[in-house]
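First comes the structure, then the notes that go with it.
Each chain gets a letter, A, B and so on, in the order its sequence line appears, and its residues count up from 1.
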Protein chains: 2
Amino acid sequence: MDKDKIDKKDHILDVAERVFSEKGFDGASTRLISGEAGVNMAMLNYYFGSKEGLFLAIFQRKISSFQNILQNLGNDETIGAWEKMEKYIELYGEKIVNNNCFQRLLYQEMGMNRSNDLSDKLRDMLLKNVTELDKILNEGIARGEFKKDIDIPMVIATLYGTKNYILNTPLIASALLRYDIQDEKMIEARLKPQIKSFMKNLMKAYLLNN
Amino acid sequence: MDKDKIDKKDHILDVAERVFSEKGFDGASTRLISGEAGVNMAMLNYYFGSKEGLFLAIFQRKISSFQNILQNLGNDETIGAWEKMEKYIELYGEKIVNNNCFQRLLYQEMGMNRSNDLSDKLRDMLLKNVTELDKILNEGIARGEFKKDIDIPMVIATLYGTKNYILNTPLIASALLRYDIQDEKMIEARLKPQIKSFMKNLMKAYLLNN
DNA sequence: TTGCATTAATCAATCGTTTGATTAATTTTG
DNA sequence: CAAAATTAATCAAACGATTGATTAATGCAA
């Protein structure tokens with residue numbers, strides 16, 4: 001069946017996404033990935049051509065869904081800039097748990113700035129998400145909702161940096177927050193609300209005229 | 001001479017620090033490191049025992065200097081909490097350029113949470129730096145300088161997360177800030193002042209009673 | 001000469017990939 | 001429908017290349 005084939009490819013991609021995010025591209029051997037996925041080693045090359053092709057396929061699977069999520073928000077004319085900001089933070093807080101492995105993998109790959117097609121695509125992808133936030137912030141200034149001397153690029157760096165710091169250093173973050181952020185229940189019950197709440201308060205204090 | 005030997009070891013460590021930070025532990029082969037350092041491959045094992053030993057030596061060289069930099073600040077009784085916070089941001093902003101490669105390497109290694117001695121040591125090291133910041137923030141609350149409902153762990157995550165985001169994704173950060181943050185001159189002339197200034201304003205807005 | 005530093009050569013292990021063969025599924029043909 | 005032909009999926013085995021590490025020989029200063 002075609003369905004089984006897609007499911008199997010999807011399963012391989014799921015496993016590979018996790019293993020790559022845990023071990024890095026070079027650290028994750030094709031033997032380990034195929035072993036954990038329960039498929040023969042040759043299947044990786046059969047389906048994805050090469051290890052790099054597999055790596056690329058992981059990202060391509062997500063890129064499309066990533067693209068249009070935030071775009072609607074930015075173009076909404078009915079709500080103010082601060083409301084958009086709040087909704088942006090909500091969306092961004094939700095995605096923390098959902099794409100944990102992928103986020104790790106994404107920024108890990110961006111870290112070592114290789115000069116290949118993949119890195120270029122990923123950078124474009126991330127910059128598109130960032131652009132939406134940029135629009136919201138500029139709109140807020142233009143409307144007089146936000147202070148006019150805010151540092152927009154740094155705000156963006158803060159928003160994503162804080163999230164990445166917590167996700168990418170789970171042991172340190174767990175020690176800081178005093179609960180295990182690797183535990184899915186804890187993420188849902190405590191981490192997500194805490195991040196959202198904090199980031200709203202932080203942005204409120206920095207962006208808004210008081 | 002003993003001096004030459006130490007210099008050569010130091011040179012190898014410098015090169016290895018850079019190569020590891022660029023390629024990751026698994027991606028950086030001993031042949032590449034020794035080649036870039038201009039020494040025979042066997043010298044790495046001769047000096048450091050193994051690849052992992054070399055990796056460990058990079059961190060051990062820095063750990064000692066890391067340790068006591070911030071401790072004096074925290075114990076200073078003559079200045080207020082907000083002043084300490086400002087000085088902390090100054091110190092933290094300065095170190096951005098100095099230990100660029102090392103910072104990358106450090107958080108890259110923390111990212112893939114291996115369970116070995118090295119990761120434990122690194123975690124302890126980072127947590128010690130974090131503890132000083134924690135003390136300052138608690139002191140600020142106790143003194144009534146800071147709002148009493150601030151989220152201390154998240155503030156710490158923001159401070160380090162923002163810095164790491166910029167350092168670890170240089171291409172994205174350069175696109176955001178509209179100047180090349182890989183250029184040493186730009187780091188000195190623009191990035192460092194901008195980060196310090198922004199972070200002070202951000203913290204002022206969030207921490208202080210208005 | 002003695003002891004440390006350095007080298008080229010070599011080691012076993014593992015890497016990503018390819019192969020040829022076999023099985024399962026699908027399509028075509030009579 | 002049933003048999004034959006074709007395609008797709010899967011496998012164990014092996015490939016050459018590269019890995020980290022070791023060896024034995026050499027260089028060299030004290």
Side-chain angles (χ1 to χ4, degrees), chain A residues 1-61 105 108-109 112 114 116-119, chain B residues 1-61 105 108-109 112 114 116-119:
Chain A
M1 293 279 260
D2 216 23
K3 204 58 173 300
D4 283 355
K5 179 185 158 190
I6 293 176
D7 286 350
K8 174 166 277 188
K9 286 181 77 169
D10 246 47
H11 174 242
I12 293 175
L13 286 172
D14 287 336
V15 173
E17 186 177 314
R18 178 176 56 78
V19 177
F20 273 132
S21 79
E22 286 170 358
K23 307 256 181 183
F25 180 81
D26 298 290
S29 72
T30 54
R31 283 171 177 78
L32 177 60
I33 294 172
S34 60
E36 299 235 343
V39 301
N40 189 277
M41 212 171 41
M43 298 310 294
L44 302 190
N45 295 293
Y46 180 74
Y47 280 131
F48 306 103
S50 67
K51 184 185 185 182
E52 196 173 302
L54 169 60
F55 195 65
L56 200 103
I58 294 173
F59 290 100
Q60 285 175 329
R61 186 173 60 152
L105 185 50
Q108 188 185 301
E109 175 61 18
M112 42 189 80
R114 300 184 166 104
N116 52 25
D117 290 340
L118 176 57
S119 287
Chain B
M1 291 280 260
D2 216 22
K3 203 59 170 303
D4 284 353
K5 181 183 157 190
I6 293 176
D7 284 351
K8 174 168 277 189
K9 286 181 72 169
D10 246 46
H11 174 243
I12 293 175
L13 287 172
D14 287 336
V15 173
E17 186 176 312
R18 177 177 56 79
V19 177
F20 274 132
S21 78
E22 286 170 358
K23 306 255 181 182
F25 181 81
D26 297 290
S29 71
T30 55
R31 280 171 178 77
L32 178 59
I33 295 173
S34 60
E36 298 235 343
V39 301
N40 188 278
M41 206 177 51
M43 300 307 295
L44 302 188
N45 295 293
Y46 181 73
Y47 281 133
F48 306 103
S50 67
K51 184 186 184 182
E52 197 172 300
L54 168 61
F55 195 65
L56 201 102
I58 293 172
F59 290 100
Q60 285 175 329
R61 185 172 61 150
L105 186 50
Q108 188 184 301
E109 175 62 19
M112 40 190 82
R114 301 184 165 102
N116 52 26
D117 290 340
L118 175 58
S119 287

State, with a plain yes or no, whether a side-chain heavy atom of [X] is found less than 4.5 Å away from one of [Y].
X	Y	answer
L105(A)	F59(A)	yes
V39(A)	Y47(A)	no
Q108(B)	F25(B)	no

If the cut-off is 4.0 Å, is [X] near the phosphate of [N], judged by side-chain N/O to OP1 or OP2?
X	N	value
K8(A)	dA9(D)	no
N40(A)	dA9(D)	no
Y46(B)	dA5(C)	yes
Y47(B)	dT6(C)	yes

To the nearest Å, give me how far apart [atom1] ([X]) and [atom2] ([N]) are.
X	N	atom1	atom2	answer
L44(B)	dT6(C)	CG	P	12 Å
M43(A)	dA24(C)	CE	P	14 Å
H11(A)	dT10(D)	NE2	P	13 Å
F48(A)	dG16(C)	CZ	P	15 Å

Every protein N/O within reach of nucleotides 15-21 of chain D N/O, cut-off under 3.5 Å:
{"unit_1": "dG20(D)", "atom_1": "OP1", "unit_2": "K51(B)", "atom_2": "NZ", "d": "2.5"}
{"unit_1": "dG20(D)", "atom_1": "OP2", "unit_2": "T30(B)", "atom_2": "N", "d": "2.7"}
{"unit_1": "dG20(D)", "atom_1": "OP2", "unit_2": "T30(B)", "atom_2": "OG1", "d": "2.9"}
{"unit_1": "dG20(D)", "atom_1": "N7", "unit_2": "R31(B)", "atom_2": "NH1", "d": "2.8"}
{"unit_1": "dG20(D)", "atom_1": "O6", "unit_2": "R31(B)", "atom_2": "NH2", "d": "2.9"}
{"unit_1": "dA21(D)", "atom_1": "OP2", "unit_2": "N45(B)", "atom_2": "OD1", "d": "3.2"}
{"unit_1": "dA21(D)", "atom_1": "OP2", "unit_2": "K51(B)", "atom_2": "N", "d": "2.7"}

Salt bridge flag under 4.0 Å for residues D10(B) and R61(B):
yes
Please round to the nearest 0.5 Å and tell me the distance separating atom CG of L54(B) and atom CG of N45(B).
9.0 Å
Parallel, tilted or perpendicular: ring planes of F20(A) versus F55(A), cut at 30 and 60 degrees
perpendicular
